[in-house]
Amino acid sequence: MSFQLTVLKVLAGQPAGRASVAEVRHAVEILMNSGKDWTDRMKRLAEHAPDLNIFSAKFVVRDAEGWEITEEGRQFLAALQTAVAVRRSPLRPVEDPPTSEPAVRNALKLSDSPRGHRRNGPRRRRGKGRSNRRTA
């Protein structure tokens with residue numbers, strides 16, 4: 001499945017949505033070997049389209065000059081990417097007001113910088129002639 005989704009992504013990224021078989025093969029090879037990020041992304045998309053066949057669904061048409069993504073293919077890809085993005089969104093919408101004030105206070109404490117352990121006052125630097133040992 002991830003191969004077919006990669007083909008859709010490659011064709012969607014072409015200026016006219018069209019590429020020769022050699023161009024598609026080259027782009028797919030680069031993406032499939034580009035690392036874990038691409039592979040994971042395609043797996044997430046494939047979870048939402050387990051029985052996908054881009055050719056029988058007429059998302060991609062083939063002819064002697066190459067492959068071309070159809071408007072239906074573009075719509076399917078956009079809907080699939082939206083479905084994955086919605087699934088990965090926060091469980092509570094951002095516009096919901098917080099349920100209690102202490103939760104907000106605790107959230108602010110978590111976002112404070114970790115510099116709380118440093119002492120207040122001017123920062124002193126060691127000069128060239130100073131030892132690395134502390135003196136009493």
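- Residues V21 and M32 share a single hydrophobic cluster, defined by chaining ILVMFWY side chains whose heavy atoms lie under 4.5 Å apart.
- For the side chain to side chain contact (heavy atoms under 4.5 Å, CB included) criterion with T6, the lone passing option out of V24, L31, T39 is L31.
- Closest approach of Q14 and A19 over heavy atoms only: CG-CB, 4.1 Å.
- I69 contributes atom CD1, which lies 8.5 Å from atom CD1 of I54 (distance to the nearest 0.5 angstrom).
- A continuous path of ILVMFWY side-chain contacts below 4.5 Å connects V84 to F3, so both sit in one hydrophobic cluster.
- Atoms NZ and CG, on K9 and L5 in that order, are 9.5 Å from each other to the nearest 0.5 Å.
- Distance check: R18 CZ to E23 CD gives 10.0 Å after rounding to the nearest 0.5 Å.
- Rounded to the nearest 0.5 angstrom, L11 CG and E68 CD are separated by 8.5 Å.
- Crowding of D37 atom CG: a count of heavy atoms from other residues, nucleotides or ligands under 6.0 Å not exceeding 12.
- Rounding to the nearest 0.5 Å places CG of L52 at 6.5 Å from CG of L8.
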Criterion side-chain contact (heavy atoms from CB on, under 4.5 Å) on R41 and Q81, from CA distance to verdict: CA-CA 10 Å; R41 182 177 181 191; Q81 291 173 324; 3.9 Å; yes
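- Between F76 and F59, the two ring planes are parallel [angle under 30°; tilted spans 30° to 60°].
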Verdict with supporting geometry, R74 and L77, side-chain contact (heavy atoms from CB on, under 4.5 Å): CA-CA 5 Å; R74 287 184 190 277; L77 187 58; 5.8 Å; no
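- The CD atom of Q4 sits 6.5 Å away from atom CZ of F55, with the distance rounded to the nearest 0.5 Å.
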